[in-house]
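These notes concern the structure reproduced below.
Note that these values count all heavy atoms, side chains included, but never hydrogens, waters or copies made by symmetry.
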Amino acid sequence: MGRCADYRASASTHPKPLAARVSRLASPPPPSIDALLAYCKVGARVDPVRLVLARIASQASGQLAPDLLAVIATWSEIEWRRLLVTALQESLLTWVVNRVVFFGLPCPASVLDDHQQIIDNGRAAAYYGARLCLHVLSLMEQAGIEARIIKGHCVGQYLYGDAALRDSRDVDLVVQPADAACAANVLAKAGFAPQVDIDWFKDSRFLKSNREASFKALRGTFEVDLHWALSYRWVPELLNASQVLSKPNTWLTIANKSVPWFDPVMLFLIHASNIISSQHVEMKAHTDVALIFDKLTIEQWRAVETAFEQVGANVALRAITAALRDVFGRTANGLGQPYPKGANIRRMQSNGSEVVDKLIGHSGLPLKYPSFWSNARYTNSWKQMGSLLYAMWMPSSADYSGLPTGSANSTLMLHGALRRLKKHLLRRSHKTAN
């Protein structure tokens, strides 16, 4: 258990470099955090089932709080069924049932029995998933490609003590951007089905505008997500592939074999990168962050704060710590104050237009690939990007929820909207200067 409870963060007085200021302008509070807080209705009318789910799932050891046990004691079978159904939706069922048994909670046996088949299927999948991790690493090693596994069954082994306790159907593989095309070809030749055109990996614009691509395995039962970056270019980059692939200082045993692993600081940054780069993630991802947080010492938490500070992602860190405090019940002094409910978008400087210039360049990518919009993953990413842009820079009274719509025409609309946005920023910065 870490010692973050003894540490109170002090504000840094060092000026931010230009790159950090630009990153901050392009990064509002992560929508995935807002979604989690709204999901549990923290600070308003709390949903007890969802909040209890978060507290149980994030308790790897020790005892549950008395107030939590008092709430659970009043539950009927209906609340227990809703808890496990919600856990299934959030990919936490196996772990939550394990916690229910571990803490001796009064869940009716009939409710547990109704979910036992799903849990057994998940355990069987974990058996193959852990070995799939080793197989993919072996393929990369044979091809001379440096690679690491992040998240998935490996983090289940590290945090939960058993890979089978973390529900997962994908393998997250990280390689250098320069090796992405080669790694994609290796996976394709080994029988993994790419979900994008394999030739796209030869286009540098595709690699710059995206961070990963998926390959189906075992007839779609599993996915191998090939990462060459941990975040999109329009959000702060806490870690790059080179840092993730640096010489490991620890190893993890999974399926009776050792694989290179990460210290708690790097693991926290890896999972935080996923959260701040996503519009929505399952509660499982937030739970992982809470469990990793528990492993941090005072010095390691300082290192995490420094990493966020260096890229100007202070708002994102406040959002993550707000979730740790308000949803998962972490009470460390170092968690700081609640983050604002929206980015302070009125303080735009002229360098905001530079960010938009990059986005304009990225937004033209799908025009070269008419089949781009047939892939739901990338359609959603553009829809999320559009939503983020309008939430950051456009008047709150305007309704832009319909853009983009997921068609080639919507790319043109987004492209035009970005150009209008640049003019808007330049106009605002000119008024500020005068």
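You'll find the side chain of M266 stays beyond 4.5 Å of the side chain of Q300, heavy atoms only. C133 has its side chain out of reach of V259: every pair of non-hydrogen atoms, C-beta onward, lies at least 4.5 Å apart. Two residues are said to be in side-chain contact when any heavy atoms from C-beta on lie closer than 4.5 Å; N274 and D172 fail this criterion. In this structure the side chain of V155 reaches within 4.5 angstrom of the side chain of W261, judged on heavy atoms. F308 places a side-chain heavy atom less than 4.5 Å from the side chain of L238. Two residues are said to be in side-chain contact when any heavy atoms from C-beta on lie closer than 4.5 Å; E237 and V311 fail this criterion. You'll find the side chain of N210 reaches within 4.5 Å of the side chain of F206, heavy atoms only. With a 4.5 Å cut-off on side-chain heavy atoms, Y158 and L291 do not count as touching.
The minimum heavy-atom distance linking L159 with K295 is given by the pair CD2-CE, 3.7 Å. Closest of all the heavy-atom pairs between L51 and V327 is CD1-O, 3.7 Å. Heavy atoms only, all atoms of each residue included: I72 and P106 are closest at CG2-CD, 4.1 Å. Looking at every heavy atom in both residues, A87 comes nearest to L53 through CB-CD1, 3.8 Å. Pairing each heavy atom of T74 with each of V71, the nearest pair is OG1-O, 2.7 Å.
Listed for the R148 side chain is a donor-acceptor partner under 3.5 Å among the backbone atoms of L245. The main-chain N or O of A57 is found under 3.5 Å from a side-chain atom of W95 such that the two form a donor-acceptor pair. A donor-acceptor pair under 3.5 Å is formed between the side chain of Q157 and the backbone N or O of A163. A donor-acceptor contact shorter than 3.5 Å links the side chain of S32 to the backbone of I275. No donor-acceptor pair closer than 3.5 Å links the side chain of Q59 to the backbone N or O of I56. Between the side chain of R169 and the backbone N or O of E223 there is no donor-acceptor pair closer than 3.5 Å. Formation of a donor-acceptor pair under 3.5 Å by the W228 side chain with backbone atoms of L207 is found in this model. Checked by atom type and distance alone, the side chain of E79 pairs as donor or acceptor with a backbone atom of S76 at under 3.5 Å.
Rounding to the nearest 0.5 Å places CG of D167 at 8.0 Å from CG of L88. To the nearest 0.5 Å, the span separating CD1 on I270 from NZ on K151 amounts to 9.0 Å. In this structure, the separation between CD1 on I78 and CG on L83 is 14.0 Å, given to the nearest 0.5 Å. Note that CD1 of I276 is 13.5 Å distant from NE2 of H271, once rounded to the nearest 0.5 Å. Expressed to the nearest 0.5 Å, how far OG of S209 lies from CG of D203 amounts to 8.5 Å.
Cation-pi geometry between R99 and F102 is met: under 6.0 angstrom from the ring centre, within 45 degrees of the axis. At least one cation-pi condition fails for R123 and Y127: the charged atom is not both under 6.0 angstrom from the six-membered ring centre and inside a 45 degree cone around its axis.
Within a 6.0 Å radius of CD in Q63, no more than 12 heavy atoms belonging to other residues, nucleotides or ligands are found. Crowding of Y128 atom OH: a count of heavy atoms from other residues, nucleotides or ligands under 6.0 Å not exceeding 12.
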Using side-chain contact (heavy atoms from CB on, under 4.5 Å), reason through F192 and V171 one step at a time and then give a plain yes or no.
CA-CA 12 Å; F192 297 92; V171 174; over 6 Å; no
Going through the checks in order, is the side-chain hydrogen bond (donor to acceptor under 3.5 Å, both in side chains) test met by S58 and R330?
CA-CA 10 Å; S58 64; R330 298 323 192 249; 3.3 Å; yes
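Between F293 and F268, the ring-plane angle classifies as tilted under the 30° and 60° cut-offs.
A salt bridge links D288 with R166: at least one charged nitrogen is closer than 4.0 Å to a carboxylate oxygen.
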